[in-house]
Enquirer: 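Quick one: structure below, then a few questions.
In each ligand, atom 1 is the first atom listed, and ligand 1 is the first ligand listed.
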Amino acid sequence: MSLKGTGHGALPPLLDQYVKLRDEYAEYILLFQVGDFFEAFGEDAERLSKLLNITLTHKSSKDFDTPMSGIPIRAAETHIERLLKLGYRVAVAEQTEEAGNGKALVERQVTQLITPGTVQSEEILRGEENFLAAIASLDGYALALLSVSTGEFKCCTLSSRLSLYEELAKYRPAEVLLAPELAGNAAFATEFAARFAVMRSSASFDPQDCERVLAVQFGSIPAVLNTESLRRACGAVVAYASRVADTPRLGGVTHVLRFDPGATMHLGETAACALELFEPLHPNAPKDATLFGALNRTRTAAGRRRLRAWLRAPLLDVSAICERLDAVETLHSDGPTRAAVRANLHRSHDLERLQARIGSGRATARDLNALLRTLEAVPELLEALQAAQPRLLRDIAARLDALPEVRERIKAALTDDPPLKLTEGGLIRDGFDAELDAHRRAGFDNRNWIAALEASERERSGIPVKIGFNSVFGYYLEVTNAHRDRVPGDYRAVATLKDRQRYTRADLRDKEREILLSDTGAQRREYEVFAALRADLVQYTERLQLLGVALAELDVLASLAEVAAERGYVKPSFAGETHVLEARHAVVEGALKDAGNAFVPNDLYITPQRRFTVLTGPNMSGKSTYLRQSALLSVMAQIGSFVPARSAQLRVHDRIYTRIGASDDLAGGSSTFMVEMKELARILHGATPNSLVILDEIGRGTSTLDGLAIALAASEFLIQQRASVLFATHYLELTRLEGEHPGVVNLHVAAQEEAQQGLRFYHQVMPGPASRSYGVQVARLAGLPPGVVERADALLHALQQGNERSSAVVAHELAALDLSRLTPVAALGVLETWQRRLRGE
Ligand code: ADP
């Protein structure tokens with residue numbers, strides 16, 4: 001218990017109080033209320049000032065001086081948000097008694113804990129998902145994922161560290177609880193910290209504690225939690241979240257779902273990034289230049305989160321995929337139904353979040369009103385879906401529970417436009433509660449009495465008496481100095497102003513007291529009535545949750561149908577071979593269209609005869625786009641979306657691997673190569689005959705020969721694995737594979753040199769290998785000075801002509817080389833020259 005500062009003697013009482021709370025909440029940044037500010041002192045003040053970029057001052061007393069920094073309470077929300085984003089936990093200590101009632105030091109208590117993984121404030125979450133995770137281990141791993149703000153709670157077991165990491169990468173939890181066996185395992189902890197820059201918090205994973213917590217949460221321990229590590233992971237998250245929320249039980253969490261990560265497509269973080277599923281690769285690209293952006297026409301925040309979840313985990317089961325596709329098809333072909341569904345969804349609110357707030361007793365009157373509007377949209381949604389045939393739509397319709405009794409209750413009790421604050425009145429309708437009505441009537445009558453007083457006093461006294469009100473004196477009678485002499489005798493002066501006098505009277509005081517009583521009585525009663533209504537709704541949380549999920553699913557299906565209609569997508573079918581006619585890239589096509597350009601469609605085949613495609617062609621011709629679009633087709637189809645093509649028959653891929661060189665890789669040459677090789681290693685270890693592997697150049701980070709050798713060896717391996725591979729490369733040597741192995745085919749992207757414009761790109765994928773690499777032409781396009789381009793062209797010709805002679809020249813030079821005088825660097829240079837010569841570059 002100490003505080004950074006200078007001086008001697010005991011800490012002043014305020015700082016002493018601060019230090020005690022700070023030590024009690026050592027894992028948190030303590031925001032300590034002092035009047036209108038949240039303050040921090042000592043080293044915490046320095047930290048806060050650095051993190052939030054706020055001024056650092058000093059708190060000085062007679063014999064102690066310490067750094068101090070503070071944020072105004074009215075701006076606290078943004079600062080807290082910042083701290084959470086930076087991965088800190090925040091404890092808010094508020095003054096819990098009025099200042100100035102004679103005491104030197106007011107009482108302060110920690111009233112709120114806010115952590116990255118449990119935060120519920122919509123200002124901070126903005127509708128996005130947010131998970132708290134816990135990991136326990138005992139041969140394999142158990143992962144629990146809890147979204148406190150929606151009540152979604154799920155768990156799974158994973159056999160390897162790699163699959164654990166992949167699952168974590170999918171959900172990107174904001175905060176992770178590691179069981180002691182993992183936190184205490186130095187190798188694991190280091191590797192984990194290197195991979196995930198996330199808040200790690202401590203929690204109890206004690207088996208008995210965890211089981212007790214689960215029993216309290218669910219009434220009994222859910223049967224799906226059939227291993228101790230699952231119970232420990234699930235118990236730990238629930239215990240932690242309850243402690244932070246300061247409740248014995250998480251009201252919004254009604255059940256835990258156990259999922260099988262193997263039942264969905266395995267799409268590593270590398271692939272998700274390379275395919276730009278959620279974030280564009282280029283920092284300057286528009287935020288929605290992603291697959292998510294291309295498909296997102298959802299109308300609710302819950303729908304948006306659900307679309308993300310679907311994209312994160314495309315399905316493998318063809319019948320489940322087709323159920324979604326059939327639903328999309330109906331909504332796609334039936335425009336009026338789609339429009340009605342979307343319009344009604346637009347009226348509805350984020351039910352998953354609403355139900356969690358109701359369940360945990362935090363709902364405001366506005367939340368209940370939002371719930372009402374959402375429930376009111378349900379009958380119309382049901383009507384819109386009435387004739388729908390597909391199973392999934394019928395199933396959703398069956399889950400569209402309009403909860404009429406909830407609707408009636410809210411409607412009967414709540415005013416149409418209740419205020420945000422629950423304590424200021426105006427929440428409950430007249431006529432709903434007799435006691436409230438009595439308070440209101442009394443207040444109304446007394447106010448009327450006062451209003452009538454002005455007229456009656458004027459008549460009685462014959463002078464222009466006015467009734468006024470201010471917060472200091474309450475109601476008063478006011479008379480200007482001109483009439484002062486004629487003021488009735490029962491008036492008692494309370495204030496003298498320059499030109500007028502204010503008075504009161506005993507009966508006016510009485511009425512005022514009565515008004516105050518009835519007002520506070522009404523407010524108290526209103527809050528009671530509201531709280532009772534809110535508590536009464538807790539019994540519906542489970543049904544509301546089910547409805548929330550149904551609405552979210554419907555929103556995604558309608559969104560996919562809308563995009564399909566807007567962009568002319570088609571319904572894919574599934575079979576053992578992939579035959580896609582005129583496929584497009586969902587995102588690039590959109591961007592080109594917005595700029596008034598057409599996208600050139602290309603076919604895609606993956607068959608036993610064309611399992612491994614070697615794609616060549618100049619830079620900028622569209623190789624990379626073709627590769628990515630092919631992978632995106634599978635992701636889209638397997639989440640149940642239509643696809644951008646003229647017709648599409650696809651095989652189901654269990655995994656998609658990508659190895660795509662970032663063009664603007666900032667890392668140094670060797671580490672880029674290392675990253676590349678690690679990715680390649682993962683692919684070669686993981687690829688199955690059902691996997692789709694996208695390789696966009698490999699081996700660029702090393703010498704040409706090494707790179708080529710690795711590319712060839714990896715290709716041979718993948719050919720043997722019978723994986724589906726699309727390989728874009730500069731190495732024309734790879735085109736030889738076609739003759740050497742069955743299933744390998746060469747394609748190239750067409751480009752042509754034209755007299756006037758130089759190189760022209762057609763973005764058309766054609767049979768056969770590219771005849772040459774067009775490097776010099778691309779260099780011209782890029783704006784190299786004409787002199788340099790001409791010289792390069794001449795050199796190229798000379799080199800090509802000299803090709804036949806070059807072997808002889810190389811042999812000759814090799815014989816003449818004095819190895820004892822050659823440095824390794826010079827040797828590499830010579831090697832490279834020879835290699836170029838032999839390759840005719
Ligand atoms: P590469 O991988 O061959 O260097 P990219 O795939 O990166 O080429 O494509 C280069 C540019 O060409 C892209 O920015 C894209 O806008 C455009 N492009 C690619 N494919 C097509 C296509 N099929 N139709 C129209 N434009 C395309």
Enquirer: Would you call Pro601 a ligand 1 contact, heavy-atom distance under 4.0 Å?
Expert: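 Judged by the 4.0 Å heavy-atom criterion, Pro601 does not count as contacting ligand 1.
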
Enquirer: Which residue and non-hydrogen atom of the protein lie closest to atom 10 (C) of ligand 1, and at what distance in Å?
Expert: Met620 O, 3.6 Å

Enquirer: In plain terms, say whether Glu167 and Lys170 are close enough for a salt bridge, that is, a side-chain N and a carboxylate O under 4.0 Å apart.
Expert: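 Looking at Lys170 together with Glu167, the answer is yes, because their closest N to O distance falls below 4.0 Å.
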
Enquirer: Please give me the minimum heavy-atom distance between Leu627 and Ala728, naming the atom from each residue.
Expert: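 Closest heavy-atom pair between Leu627 and Ala728: CD2-CB, 3.7 Å.
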
Enquirer: Short question: side chain of His585, backbone of Thr625 - any donor-acceptor pair under 3.5 Å?
Expert: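 Between the backbone of Thr625 and the side chain of His585 there is no qualifying donor-acceptor contact (under 3.5 Å).
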
Enquirer: At a non-hydrogen distance cut-off of under 4.0 Å, which region of Ala728 contacts ligand 1 (side chain, backbone, both, or neither)?
Expert: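 No part of Ala728 comes within reach of ligand 1.
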
Enquirer: Determine if the distance from atom 14 (O) of ligand 1 to the closest protein heavy atom is below 4.0 Å.
Expert: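 Within 4.0 Å: no protein heavy atom nearby.
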
Enquirer: Report yes if some N/O of Val588 lies less than 3.5 Å from some N/O of ligand 1; otherwise report no.
Expert: no

Enquirer: Could you measure the distance from the CD atom of Gln638 to the CD1 atom of Ile656? Nearest 0.5 Å is fine.
Expert: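 Reported to 0.5 Å precision, the distance equals 7.0 Å.
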
Enquirer: Only heavy atoms of Pro618, strictly under 4.0 Å: list the atoms of ligand 1 that pass.
Expert: 3 (O)

Enquirer: Measuring from atom 6 (O) of ligand 1, which candidate in Val600, Leu615, Thr616, Thr625 has the nearest non-hydrogen atom?
Expert: Thr625

Enquirer: If you measure every N or O of Ser624 against every N or O of ligand 1, does any of those distances drop under 3.5 Å?
Expert: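 Ser624 vs ligand 1: N/O contact under 3.5 Å present.
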
Enquirer: With a 4.5 Å heavy-atom cut-off, do Glu329 and Phe642 have their side chains touching?
Expert: yes

Enquirer: Could you tell me, atom by atom, which parts of ligand 1 come under 4.0 Å of a heavy atom of Asn619?
Expert: 4 (O)

Enquirer: Write down the atom of Tyr657, the atom of Ile683, and the distance for their closest heavy-atom approach.
Expert: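 Smallest heavy-atom distance, with atoms named: CB-CG1, 3.7 Å.
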
Enquirer: For the backbone of Gly768 and the side chain of His748, can you confirm whether one donor and one acceptor N or O come within less than 3.5 Å of each other?
Expert: yes

Enquirer: Select one of side chain, backbone, both or neither to describe which atoms of Leu592 lie under 4.0 Å from any atom of ligand 1, heavy atoms only.
Expert: side chain

Enquirer: By the definition side-chain hydrogen bond (donor to acceptor under 3.5 Å, both in side chains), identify the one residue from Arg304, Arg312, Arg306, Arg305 that meets it with Glu129.
Expert: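 One option only clears the test, and that one is Arg312.
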
Enquirer: Please confirm whether the backbone N or O of Val745 pairs with a side-chain atom of Glu738, one donor and one acceptor, at under 3.5 Å?
Expert: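 No, Glu738 side chain to Val745 backbone: no donor-acceptor pair under 3.5 Å.
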
Enquirer: Looking only at protein heavy atoms, which one is nearest to atom 8 (O) of ligand 1, and how far off is it?
Expert: Gly622 N, 3.0 Å

Enquirer: For Ser621 and ligand 1, does the shortest N/O to N/O distance drop below 3.5 Å?
Expert: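 Such a contact does occur with ligand 1.
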
Enquirer: Identify, for atom 21 (C) of ligand 1, the protein heavy atom at the shortest distance, and state residue, atom and that distance.
Expert: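 Atom 21 (C) of ligand 1 sits closest to the protein heavy atom His763 CG, 3.4 Å.
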
